[in-house]
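What's counted below: heavy atoms across the whole structure, side chains too, no hydrogens, waters or symmetry copies. So you know, we letter chains A, B, ... as the sequences are listed, proteins then strands, and number each from 1.
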Amino acid sequence: MEYRPTEWDARAQQLWRDLAVYRADFPSDRKPFYVLDMFPYPSGAGLHVGHPLGYIASDIVSRFKRHQGFNVLHPMGFDAFGLPAEQYAIQTGQHPAVTTETNIERYREQLNRLGLGFDWSREVQTCDPAYYRWTQWIFLQLFGAWYNRAVERAEPIETLVAHLSARGTEGLNAACHGEPNCTADEWASMNAAQREALLQHYRLAYRSESLVNWCPALGTVLANDEVVNGLSERGGHPVVQKPMLQWSMRISAFAQRLLDGLDELNWSDSIKESQRHWIGRSQGARIRFNVLARGAGEVASNQQLVSGEAGEVASNQQLAAGEAGEAGEAASNQQLVAGGAGAAGDAHVLEVFSTRPDTIFGATFMVVAPEHPLLGAWTTEAQRADVEAYRERAARRSERDRQADTKTVSGVFTGTYVEHPFTGAPIPVWTSDYVLMGYGTGAVMAVPGHDSRDHALAKAMGLPIVQVVASSEPVDVQAEAFEAKSGRATASDFLDGLSTVDAIDRAISELEQRGLGERTVQYRLRDAVFGRQRYWGEPIPIAYRDGVPEGLPVAELPLKLPAVDKYLPTEDGEPPLARAERWVSAEGLPLETTTMPGWAGSSWYFLRYMDAQNGTAAVDRTAADYWGQVDLYVGGSEHATGHLLYSRFWTHALHDLGHIGFREPFKRLVNQGMIQGISAFVHRIEGTHTVVSAELAGQYATQKLHVDVSLINERNEVDRNALKAWMPSWAQTEFIPAEGPIKVEREVEKMSKSKYNVVNPDALADQYGADAVRLFEMFLGPIEQSKPWDTQGMAGVVGFLKKSVRLMEKRHAGEASTEELRALHGLIEKLQRDVETLSFNTSVSAMMIAVNAWSGLPQLADATLRDFAVLLEPFAPHTAEALWAELGGEGSVVLAPYPALKSEYLVKDSVNYPVQFNGKTRYQIDLPASATPAEVEAAVMAHEKTAHFLEGRTPKKVIVVPGRIVNVVA
RNA sequence: GCCCAGGUGGCGGAAUUGGUAGACGCGCACGACUCAAACUCGUGUUCCCCUGGAGUGCGGGUUCGAUUCCCGCCCUGGGCACCA
């Protein structure tokens, strides 16, 4: 039997299609097993060898579980909405659906070429109206829900409305923004717009005026996870903070549950840590400082900025009536911005959040954020000019500037003082941009003795620094803040002598008693902006009745993307959907013009696979109950705080609303590492067309230029003619030396088209066979690790496959020998263990070892070979299929049961004991496995070499580890 | 700066609960086959001052015995970054 990979690949893949071997059944009596890959965005560049790494691993697990009798769900689909297709549409006028479809075709071909066993009958595409109909439906579910903190659960908005009409906001414990409140009577007298304005503060999908990340270059807003260092994640364009009326998702309501849920998940520590950090829970207290009367006159004169109750109602109405995309008036902006951060509207009180209330006696000044809405109210006339100038300067600085420049300390005194709650001492109020409006209350009590940022400002401004926590070691808080959370309170009145932990507790209860503060938990996690000013996304199913948003009737879904003449914003800056001719609901109401962000469709796709064809529900509850959580999810770690957090959020919400029976979507998560490329560089003399061989490059002034790795041979030499033909700019190339090899320099880099180091999996499959590609990707190393791709290494796995096929020459119909069975069952045992940990690199080497062992035997039983074909199948299914057919197997080897492990073949009857003298291995001795420690010791002492290595000493101790080792201590 | 993961031959990497460091493969060298090359097969391949010694990023420690456990550092990759 000759090894014919390309022929076998095609034949096996045809067989699998004919028999539909990868179809997941529902309903079924078998136990389910759900293996999921993060679905790709189908880019125009196609797949390179790095992409399928995770798919191959998950494919192996799927195939293994199928052999073990599980009903395996292993689907694939496409995350098909996205910016590249839209950019291309803007440039060419071609509808993004067309490019997307072409790219998907190519991806599907490439995936199939590798023999990945996906159940394509369940394929989903997020841009397909039959799919996004349900994304829109989920949006409506969230729009129609609120979070009831009393029971820690999302509930339909009707229960909130019932509460409001019975008791108003009294006794309501809900996740919300701002400080909405009303009585039952007020609620009863409100009109529809007023009611909706109030409900908006509670809905899980809501619209509010808030500071958003606006990316002018992309012409859209971005979620926090899409902004990296003040630049957009896609494209690296600058991002600025800007108040805008936007749709958001109230993920913050689930902060605690998203944090707690991590404990039960089998995910990597680093991803869990990232999520914990992103959620950023901190425990502490809110503390209120009374603003001293001296500033009262000023406060009164600034009432218009602090309109209090009346302002809140007014801004609500504006919100309800506000035009989409139109920024409201400054006053209402500030109200809502402040509301979002939870600042109190009372200018007579300055509220701060602190995790160290124990240091309250060390608070020598207060700092409020420059954006703080009450800053104006707290500024005296004498300081107004300075504060205004500072505020303007801070507003002008972009997020990025502020981050880049954390060294410079700046701040301005407001002229106002607050009263220390315990000592009554006046404390000056400052403003400085190290305090952020978006976190806590936008104000801090500065304790320069025990916080380095406060310390820096105190130093710069000459403010007093006092020590209120003592350590066992001497500390000088004048020189440096002492930030450790382990010490004893000092110079702190009733806290003196208490440990930090106790002092925090005591300080809080004292504050609570006096009504000046309370224990609080604060989260860093912000609500996620949900609208995008873009075309290529799911339309948001909202219509406006007299400016009041209302969900479309479910019967009107899907709300399909309209045809537009251009994929650009309108002349007045409206999103592209505003270009549609009649963008109105069935009833004729104007529709929302922003679309959903990329993470919408990917937040629930794993549910749709369970019931992909369902036309009446996103997923049938019985199907969701049967398949349950994803058993194994494989994908890149770059989605740590985006996709993986959002999909957890949606899953929790859908669970609460009764649509599914579990809260957490992904039981186990594995992050595959990156496969790097080995780039090739030629040295070219600057300003010329002359390329110099790498070893001579030092003699010239050269520049290093990327050249395509396909032009390079195994000896790192570039093909002269191929280089000239590569691109027109290289046609004139001359070489030094004129004859002989031209060496290139090589370097490991990220695999990317622009670095010309991309290796294509389908090209490799055509050359070596799909199985060789699969095996080699796995053989490269542990799945989670990054490692460079070196095509030369393919020879090793090709050799293995050829050897495997050559075993057929030894086949016979008789009984298997003990020796071949030992190799077989040793292999079964090893593979079963490896599947649990996804250690497929060692699986491949274990198979190599077994095949090497069998190659040394004169003959092999058909039964052994047939079992081997099944063992090989998850890794090299095409070759396994060919062997199976040759051995007369029925149907497809994919459906064959896994060979049972016979542990009697694993026990050895003799043990090779290494013998150490003082920890150094000197010789080895074979002894029966049944030998007792005493017998082993006796055998060692009787051994001829023992005397030699003892060198006349008497052994003090002989350590015998049964079955392992002997160590003679002399 | 903080958090997480990781440093083992020329290269990718292997090593149950602490028990023969370098499995398996690439590369390299030599040999066989061949007119020759490729393919294929076989042998060898951690290093060194080689009857021995050293060695898993560095320095200590625990132990009969440490890649594995503990303490202190260095480096690489990833995440977060004024979060009070």
[N] pairs with, by Watson-Crick or G-U criteria that keep both distances under 3.5 Å:
N	answer
B:G52	B:C48
B:C64	B:G19
B:C80	B:G1
B:G6	B:C75
B:A36	none
B:A29	B:U43
B:G12	B:C24

Is there a side-chain contact between [X] and the phosphate of [N], meaning an N or O under 4.0 Å from OP1 or OP2?
X	N	result
A:N841	B:A14	yes
A:S282	B:A84	yes
A:R286	B:A84	no

When you compare [N] with [M], how far apart are their [atom1] atoms, in angstrom units rounded to a whole number?
N	M	atom1	value
B:G25	B:G18	C1'	28 Å
B:C58	B:C75	P	15 Å
B:C69	B:U17	P	10 Å
B:U56	B:U20	C1'	15 Å
B:U51	B:U76	P	41 Å
B:C11	B:C48	P	14 Å
B:G6	B:G13	C1'	14 Å
B:C28	B:C73	C1'	37 Å

Fill in the blank from the handout: 5'-most contact on RNA chain B (nearest-nucleotide basis), A:I271 vs A:Q785, goes to A:I271

Fill in the blank from the handout: Between A:A443 and A:T842, the residue closer to the 5' end of RNA chain B by nearest nucleotide is A:T842

Distance check needed: [N] [atom2] versus [X] [atom1], whole Å only.
X	N	atom1	atom2	value
A:Y434	B:A81	OH	C1'	17 Å
A:Q283	B:A84	CD	C1'	15 Å
A:K920	B:U20	NZ	P	16 Å
A:Q832	B:U16	CD	C1'	16 Å
A:I783	B:A14	CD1	P	12 Å
A:R833	B:A15	CZ	P	9 Å
A:I675	B:G77	CD1	P	19 Å
A:K802	B:U40	NZ	C1'	8 Å

Proximal nucleotide (of [options]) relative to the [X] side chain:
X	options	answer
A:T355	B:A84, B:A81, B:U20	B:A84
A:S274	B:G12, B:G25, B:G79	B:G79
A:I849	B:A21, B:A23, B:G25	B:A23
A:N967	B:C82, B:C64, B:G25	B:C64
A:T921	B:A84, B:U20, B:A81	B:U20
A:Q792	B:A84, B:C26, B:U40	B:C26
A:R964	B:A23, B:A5, B:U17	B:U17
A:S270	B:C82, B:G19, B:C4	B:C4
A:D269	B:G79, B:C4, B:C64	B:C4
A:V969	B:U16, B:G12, B:C64	B:C64

Contact check, side chains of [X] and [Y], non-hydrogen atoms, under 4.5 Å:
X	Y	result
A:E717	A:K743	yes
A:V469	A:T500	yes
A:T946	A:Y923	yes

How would you label the contact of [X] with the nucleic acid (heavy atoms, under 4.0 Å): base, sugar-phosphate, or nothing?
X	result
A:I959	base
A:R806	sugar-phosphate
A:E273	sugar-phosphate
A:N912	base
A:S268	nothing
A:R281	nothing
A:S845	base

Compute whether any side-chain donor of one residue and acceptor of the other, for [X] and [Y], lie under 3.5 angstrom apart.
X	Y	result
A:Y3	A:S804	no
A:S252	A:Y523	no
A:D834	A:T842	yes

Exercise for the section: Using a strict 4.0 Å threshold on nitrogen-to-oxygen distance, state whether A:E351 and A:R288 make a salt bridge. Expected result: yes

Exercise for the section: Taking only Lys NZ, Arg NE, NH1 and NH2, and the carboxylate oxygens of Asp or Glu, determine whether A:R276 and A:D269 approach each other closer than 4.0 Å. Expected result: no

Exercise for the section: Based on the glycosidic angle (syn within 90° of 0, else anti), state the conformation of B:G7. Expected result: anti

Practice task
Report, as yes or no, whether the 6.0 Å neighbourhood of atom CD on A:E518 holds more than 12 heavy atoms from other residues, nucleotides or ligands.
Solution key: yes

